[in-house]
Asker: 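Please find one structure pasted underneath; my questions will follow.
These numbers come from a predicted model, not from an experiment.
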Amino acid sequence: MSGEVIVLIIAGAFAGGFANGLAGFGTGLFALGWWLAAMPPLDAVITVVILSLVGGVQGLYAVRNSFDFGEQLRFLLPALIGVMLGYLFLDAVNIIMLKLLVGSLLILFGGFFTFRKTLPKLTKRYLAADVFVGFVGGLFGMMAGMSGAILTMGCSLYDWSKARRRALVQPFNMIVLGTVLALMIWRGVIDSGIWLIVALALPFSVIGTQTGIFVFRRLNDRQFQRLLIWLIFVSGLVLLGRELIANMSPT
């Protein structure tokens, strides 16, 4: 493993950990740009899933008192259906087009609210909307390792406390990605080389996550909602830009 590869792995681990610690999602969106330059795509995605779980455990502790089991079930049950459906059709779906679609949605949503003075403050809940968001989150989690992005968009529409948002997104992300990891292990795609990469990235991911949690605790609810919308917008730009550059580069 060359020095350049080691630096890329460390930088991605810290960036992804910081995003996860701050917002409860975003490990893949902010780490993959570094890791895809250092390792094969499948290894990079598996590393994202593993370190998302590591970051999730730390973030979950920060909002342990705000966890609502009933709230989770509204999203998790359809999400697990989405995970299984994604697994069945994993080889038939155009992952590039899926990521371009997700990136475009993040940019449109984040861009619309980023530059507005007033933030969304929905109060009424719709079970069908929650089921749809959960299902899509599970589907995207299995196919692209991005289970938290869609749910975060949904949470940012409500005038909730930062703890309530985080207590919904963080466990959801962990359970969905934990299921994805179990399916990957069952499929036999994880080898010893990936665990070596994880061992190298782990301490820097933990440092990044703890730094993000430190910042999270110092934001008020309005600042956190504004930050979430900015992160959604930037995540979309990063995802869309990375996919466009990758597909325009000569093979």
Side-chain angles (χ1 to χ4, degrees), residues 12 16 20 24-32 35-36 39-57 60 69 71-106 127-155 168-195 197-198 201 205 235-236 239-240 242-243 246-247:
N20 197 323
F25 84 108
T27 300
L29 290 166
F30 289 92
L32 272 179
W35 289 345
L36 286 173
M39 63 186 90
L42 181 59
D43 289 0
V45 171
I46 294 172
T47 304
V48 163
V49 171
I50 294 172
L51 291 183
S52 293
L53 292 172
V54 172
V57 171
L60 188 59
F69 183 72
E71 186 90 6
Q72 281 292 322
L73 287 179
R74 291 172 69 99
F75 298 92
L76 273 176
L77 293 180
L80 294 176
I81 296 173
V83 168
M84 298 309 300
L85 190 64
Y87 180 78
L88 292 175
F89 293 97
L90 190 59
D91 297 325
V93 173
N94 188 321
I95 301 297
I96 294 173
M97 291 303 298
L98 180 65
K99 289 183 177 180
L100 291 175
L101 173 62
V102 175
S104 300
L105 288 174
L106 293 174
L127 179 60
D130 290 347
V131 168
F132 177 75
V133 167
F135 174 79
V136 174
L139 192 67
F140 286 176
M142 183 68 246
M143 293 183 170
M146 296 184 297
S147 56
I150 300 300
L151 181 57
T152 302
M153 287 172 59
C155 289
L168 176 61
V169 173
Q170 197 90 65
F172 175 89
N173 221 16
M174 287 184 63
I175 294 171
V176 170
L177 292 181
T179 305
V180 169
L181 179 62
L183 290 171
M184 287 181 172
I185 293 173
W186 184 65
R187 199 171 186 176
V189 298
I190 301 180
D191 57 29
S192 58
I194 291 175
W195 293 116
I197 293 170
V198 169
S205 175
S235 297
L239 178 60
L240 199 62
R242 186 175 65 226
E243 293 302 317
N247 288 284

Asker: So do Leu177 and Thr27 actually touch side chain to side chain, heavy atoms under 4.5 Å?
Answerer: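 No. Closest side-chain heavy atoms not under 4.5 Å.
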Asker: So do Leu85 and Met142 actually touch side chain to side chain, heavy atoms under 4.5 Å?
Answerer: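 No, too far: nothing below the 4.5 Å cut-off.
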Asker: Just how far is it from atom CG of Leu106 to atom CD1 of Ile150, taken to the nearest 0.5 Å?
Answerer: 6.0 Å
Asker: How long is the gap from CD1 on Ile197 to OG on Ser192, to the nearest 0.5 Å?
Answerer: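 Those atoms lie 10.0 Å apart.
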Asker: Among pairs that include at least one residue of residues 139-152, which meet side-chain hydrogen bond (donor to acceptor under 3.5 Å, both in side chains), considering only residues two or more places apart or in two chains?
Answerer: Ser147-Asn173
Asker: Between Arg74 and Val131, does the side chain to side chain contact (heavy atoms under 4.5 Å, CB included) criterion hold? Intermediate values first, please.
Answerer: CA-CA 6 Å; Arg74 291 172 69 99; Val131 168; over 6 Å; no
Asker: Any sub-3.5 Å donor-acceptor pair from Asp191's side-chain atoms to Ile194's backbone N or O?
Answerer: yes
Asker: Just to verify, what does Gln72 make a side-chain hydrogen bond (donor to acceptor under 3.5 Å, both in side chains) with, not counting sequence neighbours?
Answerer: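 Per chain and number, Gln72 pairs via side-chain hydrogen bond (donor to acceptor under 3.5 Å, both in side chains) with no residue.
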Asker: What is the distance from atom CZ of Phe75 to atom CD1 of Ile175, rounded to the nearest 0.5 Å?
Answerer: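 The CD1 atom of Ile175 is 13.0 Å from CZ of Phe75, to the nearest 0.5 Å.
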Asker: Please report the shortest heavy-atom distance between Ser235 and Phe30, naming the atom on each side.
Answerer: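 In terms of heavy atoms, the two residues are closest at OG-CE1, 3.5 Å.
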Asker: At their closest point, which heavy atom of Ala31 faces which heavy atom of Gly12, and how far apart are they?
Answerer: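 Residues Ala31 and Gly12, closest heavy atoms: CB-O, 3.2 Å.
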Asker: Decide side chain to side chain contact (heavy atoms under 4.5 Å, CB included) for Val83 and Leu139; before the verdict, give the C-alpha distance in whole Å, the side-chain angles of both, and the deciding distance to 0.1 Å.
Answerer: CA-CA 5 Å; Val83 168; Leu139 192 67; over 6 Å; no
Asker: Indicate yes or no: at least one non-hydrogen side-chain atom of Trp35 is less than 4.5 angstrom from one of Leu51.
Answerer: yes
Asker: Tyr87 vs Trp186 aromatic rings, parallel, tilted or perpendicular, using cut-offs 30° and 60°?
Answerer: tilted
Asker: Please lay out, stage by stage, how Ile190 and Leu181 fare under the test side chain to side chain contact (heavy atoms under 4.5 Å, CB included).
Answerer: CA-CA 9 Å; Ile190 301 180; Leu181 179 62; 3.6 Å; yes
Asker: Hey, what do you get for CD (Gln170) to CG (Leu151), rounding to the nearest 0.5 Å?
Answerer: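 If we round to the nearest 0.5 Å, Gln170:CD and Leu151:CG are 11.0 Å apart.
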Asker: Tell me if a side-chain donor or acceptor on Ser205 pairs with a main-chain N or O of Ala201 at a distance below 3.5 Å.
Answerer: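 Checked: no pair found.
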Asker: Going from CE on Met84 to OG1 on Thr179, what distance comes out if it is rounded to the nearest 0.5 angstrom?
Answerer: 9.0 Å
Asker: Are the side chains of Leu76 and Val176 in touch, meaning some heavy atoms are under 4.5 Å apart?
Answerer: yes
Asker: Can you tell me how far the CE atom of Met184 sits from the CD1 atom of Ile50, to the nearest 0.5 Å?
Answerer: 9.0 Å
